[in-house]
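Below is one structure, written out as structure tokens; comments come after it.
Nothing here was measured: the structure is a model prediction, and the numbers come from that model.
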Amino acid sequence: METITIENVVQDLFDAEKGVKTLPQFANEFPGMDEDKAYDIQEKLVQKKCEEENTAVSGWKLGLTSKAKQQMMGVHEPSYGVLLENMVLIEGDSHSLTPFIHAKLEPELAFVFKKDIQGSYITPAQIMDATDYVVPAFEVIDSRFEAFKFTLHDAIADNSSSSRYILGNQFMSPEKIDLQLTGIVFRKNGEVVATSTLAAVMGNPAVAIAWMANKIAKRNQFIKKGQVVLSGAITQAMHISPGDHFEATFDGLGTINTSFQIGE
């Protein structure tokens, strides 16, 4: 049997997204697979995408920020992925489903940073201080694995199921919004499908981002001025079908909406 290599996996994940096709899980077959190796694959995949798609890193995203998702995956902490400039979709527009395999949408609070964040131990207070503004956001997640099923290491390697993201037009200083009690109402085709508060994201989204800042520091990376960080899903993700319209209203912050259709 041919030995699986990091280069093989990176190419397979890249080709799967480009070809809109699924892959079988690989992590359990990969010799010596662990979290560090999964993030090594993620980094090489992001580098390949930047080079071959002529794009650049625009920020970061958190995954598995809810206790329920962590328990489902058998882990005790979140994961993270990288956002690229060519992942941005315009708020309010209707978008093609053609590039996606089995996309889902989830509402999040995005943080946009006004200065770099570096240090040996980064606190939520430092995250708040470095944030230029927060804004309602959607993330489109789209695993490259069959039936949207994967191990944690598979998911990390697959850039934590990153695909696209949408930022709203309502900007606010993080000090002016309650990062625990602010409520959200998530609607699909006019029907309320979920309600929650920002506390669903590790008790406070700034806590989640501080966790990530410390995690990436161990790999000599950091959040840079101007970058966007999606702090984690506030509700469960909803499957996207042609013709679907989504809307998320954040108390005191505003509403974000988008829709999807077949074709261009």
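- To the nearest 0.5 Å, the span separating CD on E191 from CD on E247 amounts to 13.0 Å.
- Not one N or O on the side chain of T131 forms a donor-acceptor pair closer than 3.5 Å with the backbone of P174.
- S79 approaches Y39 most closely through the heavy-atom pair CA-OH, 3.5 Å.
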Could you walk me through whether E85 and S58 pass the side chain to side chain donor-acceptor pair (under 3.5 Å) test, one step at a time?
-> CA-CA 5 Å; E85 290 176 355; S58 59; over 6 Å; no
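- R144 has no carboxylate O lying under 4.0 Å from a charged side-chain N of D12, or vice versa, which leaves the two without a salt bridge.
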After noting the C-alpha distance and the side-chain angles of H95 and T258, does the key distance pass the side-chain contact (heavy atoms from CB on, under 4.5 Å) rule?
-> CA-CA 8 Å; H95 303 288; T258 192; 3.1 Å; yes
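- F222 and V57 fall into different hydrophobic clusters, where Ile, Leu, Val, Met, Phe, Trp and Tyr are joined by side-chain heavy atoms under 4.5 Å apart, directly or via other members.
- The pair K48-E7 does not meet the salt-bridge criterion, since no charged nitrogen lies less than 4.0 angstrom from a carboxylate oxygen.
- Counting only heavy atoms from C-beta outward, the side chains of S163 and I141 never approach each other to under 4.5 Å.
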In sequence, state the C-alpha distance, the side-chain angles, and the governing distance for E77 and K215, and then conclude on salt bridge (charged side-chain N to carboxylate O under 4.0 Å, His left out).
-> CA-CA 11 Å; E77 65 178 15; K215 190 80 170 178; 2.7 Å; yes
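- Put simply, the side chain of E17 reaches to within 4.5 Å of the side chain of K49, judged on heavy atoms.
- Residues L230 and Y165 meet the side-chain proximity criterion, which asks for heavy atoms closer than 4.5 Å.
- With hydrogens and angles disregarded, no donor-acceptor distance shorter than 3.5 Å links the side chain of D93 to the backbone of L89.
- Between the CG atom in L105 and the CG atom in D142 there is a gap of 11.5 Å [rounded to 0.5 Å].
- Residues R187 and N257 have side chains not in contact (no heavy-atom distance under 4.5 Å, counting atoms from C-beta outward).
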Stepwise, does the side chain to side chain donor-acceptor pair (under 3.5 Å) test hold for S162 with S160?
-> CA-CA 5 Å; S162 295; S160 291; 6.0 Å; no
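- Scanning both residues, F186 and A248, for their nearest heavy atoms gives CD1-CB, 4.2 Å.
- Inter-residue side-chain proximity for I177 and V134 is flagged as met; some heavy-atom pair is nearer than 4.5 Å.
- With hydrogens and angles disregarded, a donor-acceptor distance shorter than 3.5 Å links the side chain of D178 to the backbone of Q180.
- Within the model, atoms CD of E43 and CG of D40 stand 6.0 Å from one another, a figure rounded to the nearest 0.5 Å.
- Placement of V192 and I234 in two distinct hydrophobic clusters is found when ILVMFWY residues are connected by side-chain heavy-atom separations under 4.5 Å, directly or transitively.
- One finds no salt bridge joining K61 and E108 here, because no Lys/Arg side-chain nitrogen approaches an Asp/Glu carboxylate oxygen to under 4.0 Å.
- With hydrogens and angles disregarded, a donor-acceptor distance shorter than 3.5 Å links the side chain of Q42 to the backbone of I156.
- N214 places a side-chain N or O within donor-acceptor distance of the main-chain N or O of I122, the cut-off being under 3.5 Å.
- Looking at heavy atoms from C-beta onward, M212 lies in side-chain contact with I223 at the 4.5 angstrom threshold.
- One finds the CD atom of Q118 at 9.5 Å from the CD1 atom of I216 (value rounded to the nearest 0.5 Å).
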Verdict with supporting geometry, I166 and I90, side-chain contact (heavy atoms from CB on, under 4.5 Å) | CA-CA 6 Å; I166 302 169; I90 303 301; over 6 Å; no
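- With hydrogens and angles ignored, the 3.5 Å screen pairs no side-chain donor or acceptor of N159 with any backbone N or O of S161.
- Taking the six-membered ring for Trp and thresholds of 30 and 60 degrees, F148 and H102 have ring planes inclined between 30 and 60 degrees apart.
- Contact record, S259 with H245: CB-ND1, 3.8 Å, taken as the closest heavy-atom pair.
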Can L45 and F14 be said to form a side-chain contact (heavy atoms from CB on, under 4.5 Å), step by step?
-> CA-CA 7 Å; L45 176 61; F14 183 83; 4.0 Å; yes
Residue pair E146, K21: steps toward the salt bridge (charged side-chain N to carboxylate O under 4.0 Å, His left out) verdict = CA-CA 9 Å; E146 294 169 356; K21 60 185 182 182; over 6 Å; no
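- Cluster annotation: V185 and M238 are assigned to distinct hydrophobic clusters (Ile/Leu/Val/Met/Phe/Trp/Tyr, side-chain heavy-atom contacts under 4.5 Å, transitive).
- Between the side chain of S143 and the backbone N or O of F145 there is at least one donor-acceptor pair closer than 3.5 Å.
- Ring geometry, F260 versus F246: the interplanar angle exceeds 60°, so the pair is classed perpendicular (tilted spans 30 to 60°).
- Taken together through direct or relayed side-chain contacts under 4.5 Å among Ile, Leu, Val, Met, Phe, Trp and Tyr, V112 and I117 form part of one hydrophobic cluster.
- Y133 has its ring centre no less than 6.0 Å from the ring centre of F111.
- One distance of note links CG of L198 with OG of S231; it measures 7.5 Å at 0.5 Å rounding.
- Looking at Q170, its side chain does come within 3.5 Å of a backbone N or O of T255 through a donor-acceptor pair.
- Closest approach of A206 to I127, counting heavy atoms only: O-CG1, 4.0 Å.
- None of M33, Q25, K37 except one satisfies the side chain to side chain contact (heavy atoms under 4.5 Å, CB included) rule with H153; the exception is M33.
- Side-chain N or O atoms of T197 include none that pairs as donor or acceptor with a backbone N or O of T182 at under 3.5 Å.
- T55 contributes a side-chain N or O that, together with a main-chain N or O of N86, makes up a donor-acceptor pair within less than 3.5 Å.
- Between S241 and H239, the shortest heavy-atom distance links the atoms OG-CD2, 3.4 Å.
- Look at K149 and D154 and you find no salt bridge, because none of the NZ, NE, NH1 or NH2 atoms lies under 4.0 Å from a carboxylate O.
- Follow the hydrophobic side-chain contacts under 4.5 Å out from I240 and you reach V193 in the same cluster.
- Between the CG atom of L253 and the CZ atom of F171 there is a distance of 10.5 Å, given to the nearest 0.5 Å.
- Considering all non-hydrogen atoms of both residues, L179 and P205 come closest at O-CD, 3.0 Å.
- Ionic pairing of K188 and D244 is present here: one or more N-O contacts between side-chain nitrogen and carboxylate oxygen are shorter than 4.0 angstrom.
- Between V9 and F30, some side-chain heavy-atom pair lies under the 4.5 Å cut-off.
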